[in-house]
Amino acid sequence: MAALDIRPATGADALAIATVHVRSWQAAYRGLLPQSHLDGLDPGRSRVQWKSVLGTTAWPSAGTLVLVDSDAASVPPTESIIGFAGLSPTRDDDDDDPTSVGELQTLYLDPGAWRHGAGSLLLHAAQDQLSRAGFVTASAWVLETNVRARTFYEHHGWRFDGSTKLHDWGTFVVTDVRYRRPLV
Ligand SMILES: CC(C)(COP(=O)(O)OP(=O)(O)OC[C@H]1O[C@@H](n2cnc3c(N)ncnc32)[C@H](O)[C@@H]1OP(=O)(O)O)[C@@H](O)C(=O)NCCC(=O)NCCS
């Protein structure tokens, strides 16, 4: 990795984000989700959905941050997106208040970048952004069997709050667990 920067995503990043998303899913969820589903993921198709997600950006409380590996010294300068984090007010309809609870909707890194501290960098930037937006608590839903991510969040002070939900992906159903962390 050359130099890592974090910036707000734009609509032009849709394909790069979709590519990281698919690569990260295929590596992280192998053995956890049906292989046929993972094999069928296609960045070219999901790019359209990402374009629409990016179109709903409403900073400071909602949007996507991208983690960029950039090399300003190369000619021409190069930049590649190696991770992203999606933020919004909580979408949960329980007692959580969307003016005080900010949701980390997504946090995905390209598998080639795992375990070099880049995920921690992006998580800290996401927490800082939620805090700047006025939220006092951050929440995130994690696949129950995603031990790598659960350990990572716990290392960063997030805790399972006891809430679970079934997530219906159409062809399969999984259990998600909710984590939260104070933003002080
Ligand atoms: C979860 C995820 C974002 C973490 O990103 P990452 O860049 O691997 O995270 P880091 O490198 O900052 O930290 C990961 C671990 O590597 C360790 N680590 C960091 N730098 C290291 C290094 N140079 N050498 C060895 N280990 C290192 C950290 O201590 C940390 O250990 P821990 O999880 O036990 O605390 C990443 O694995 C990912 O994208 N996973 C797939 C998607 C996913 O599951 N997302 C969550 C959806 S809710």
Side-chain angles (χ1 to χ4, degrees), residues 1 4 6 9 13-54 63-67 69 80-88 90-94 96 101-127 130 137-181:
M1 287 184 274
L4 297 182
I6 293 171
D13 298 321
L15 180 59
I17 291 173
T19 302
V20 169
H21 197 208
V22 166
R23 284 173 51 81
S24 195
W25 263 65
Q26 288 174 334
Y29 299 145
R30 176 175 289 275
L32 306 183
L33 300 184
Q35 192 57 40
S36 54
H37 180 80
L38 298 178
D39 289 343
L41 295 173
D42 173 11
R45 270 207 320 272
S46 56
R47 170 182 178 271
V48 180
Q49 284 149 271
W50 277 107
K51 192 109 189 160
S52 129
V53 168
L54 294 168
T64 303
L65 296 174
V66 284
L67 177 67
D69 190 1
S80 59
I81 288 174
I82 60 165
F84 63 92
L87 311 173
S88 72
T90 181
R91 296 168 295 173
D92 297 339
D93 53 11
D94 61 3
D96 276 0
V101 181
E103 183 175 343
L104 177 64
Q105 287 194 15
T106 49
L107 179 72
Y108 287 93
L109 254 67
D110 188 273
W114 291 358
R115 296 197 73 84
H116 292 92
S120 300
L121 196 71
L122 186 55
L123 180 64
H124 286 138
Q127 290 173 184
L130 289 173
T137 303
S139 70
W141 288 98
V142 187
L143 177 67
E144 185 179 32
T145 52
N146 187 357
V147 175
R148 180 188 298 101
R150 294 183 69 166
T151 309
F152 170 79
Y153 285 126
E154 284 163 15
H155 179 79
H156 288 283
W158 293 62
R159 295 290 173 261
F160 173 43
D161 73 1
S163 301
T164 65
K165 70 175 178 187
L166 294 178
H167 193 151
D168 187 348
W169 288 94
T171 51
F172 61 94
V173 179
V174 291
T175 301
D176 287 347
V177 295
R178 191 169 64 186
Y179 274 71
R180 59 204 299 126
R181 184 196 195 283

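The model shown is predicted, which means the values in this text are computed figures rather than measured ones.
Side-chain N/O atoms of Y108 and R23 include no donor and acceptor closer than 3.5 Å.
Residues S46 and V22 are in side-chain contact: their nearest non-hydrogen atoms beyond the backbone lie under 4.5 Å apart. Residues R148 and W114 have side chains in contact (heavy-atom distance under 4.5 Å, counting atoms from C-beta outward). Side chains of L4 and L122 form no contact here, defined as non-hydrogen atoms less than 4.5 Å apart. Between R180 and R159 there is no side-chain heavy-atom pair separated by less than 4.5 Å.
Annotation for S163 and W141: closest pair O-CZ3, 3.7 Å, computed over non-hydrogen atoms. Heavy-atom minimum distance, A85 versus A126: CB-CB, 4.3 Å. Nearest heavy atom pair, residue D176 against residue L143, reads OD1-CA, 3.5 Å. Heavy-atom minimum distance, A27 versus P111: CB-CG, 3.6 Å. Taking each heavy atom of L32 and N146 in turn, the nearest pair found is CD1-CA, 4.1 Å. For the residue pair V177 and T164, the shortest heavy atom distance occurs at CG1-CG2, 3.9 Å.
In this structure a side-chain-to-backbone donor-acceptor pair under 3.5 Å is present from H124 to S120. Formation of a donor-acceptor pair under 3.5 Å by the R150 side chain with backbone atoms of E144 is found in this model. The backbone N or O of R91 sits less than 3.5 Å from a side-chain atom of E103, completing a donor-acceptor pair. The backbone N or O of L38 sits nowhere less than 3.5 Å from a side-chain atom of W25 that would complete a donor-acceptor pair.
If you take OH on Y29 and CG on L41, they are separated by 11.0 Å, rounding to the nearest 0.5 Å. Here OG1 of T145 is found 7.0 Å from CG of L33. Values are rounded to the nearest 0.5 Å. With values rounded to the nearest 0.5 angstrom, I17 atom CD1 is found 11.5 Å from R47 atom CZ. S139 contributes atom OG, which lies 9.5 Å from atom CD of Q105 (distance to the nearest 0.5 angstrom). Note that the CZ atom of F172 and the NE2 atom of H37 stand 4.0 Å from one another [nearest 0.5 Å]. How far CG of D96 is from CG of D161: 7.5 Å, rounded to the nearest 0.5 Å.
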If you apply the rule side-chain contact (heavy atoms from CB on, under 4.5 Å), what do you find for D13 with F84, and how did you get there? CA-CA 10 Å; D13 298 321; F84 63 92; over 6 Å; no
Full working for side-chain contact (heavy atoms from CB on, under 4.5 Å) between T175 and L166: CA-CA 5 Å; T175 301; L166 294 178; 3.6 Å; yes
Before you tell me yes or no, could you show the steps for L67 and V20 under side-chain contact (heavy atoms from CB on, under 4.5 Å), namely the whole-Å CA-CA distance, both residues' side-chain angles and the distance that decides it to 0.1 Å? CA-CA 11 Å; L67 177 67; V20 169; over 6 Å; no
Test side-chain contact (heavy atoms from CB on, under 4.5 Å) on W158 and V142 and set out the steps. CA-CA 11 Å; W158 293 62; V142 187; over 6 Å; no
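Ionic pairing of D94 and K165 is not present here: no N-O contact between side-chain nitrogen and carboxylate oxygen is shorter than 4.0 angstrom.
Counting heavy-atom neighbours within 6.0 Å of D39 CG, excluding the residue itself, gives a total above 12.
Below 30°, between 30° and 60°, or above 60°: for Y179 and F160 the angle between ring planes is between 30° and 60°, a tilted geometry.
The cationic atom of R181 (NZ for Lys, CZ for Arg) does not lie both less than 6.0 Å from the six-membered ring centre of Y153 and within 45° of the ring axis.
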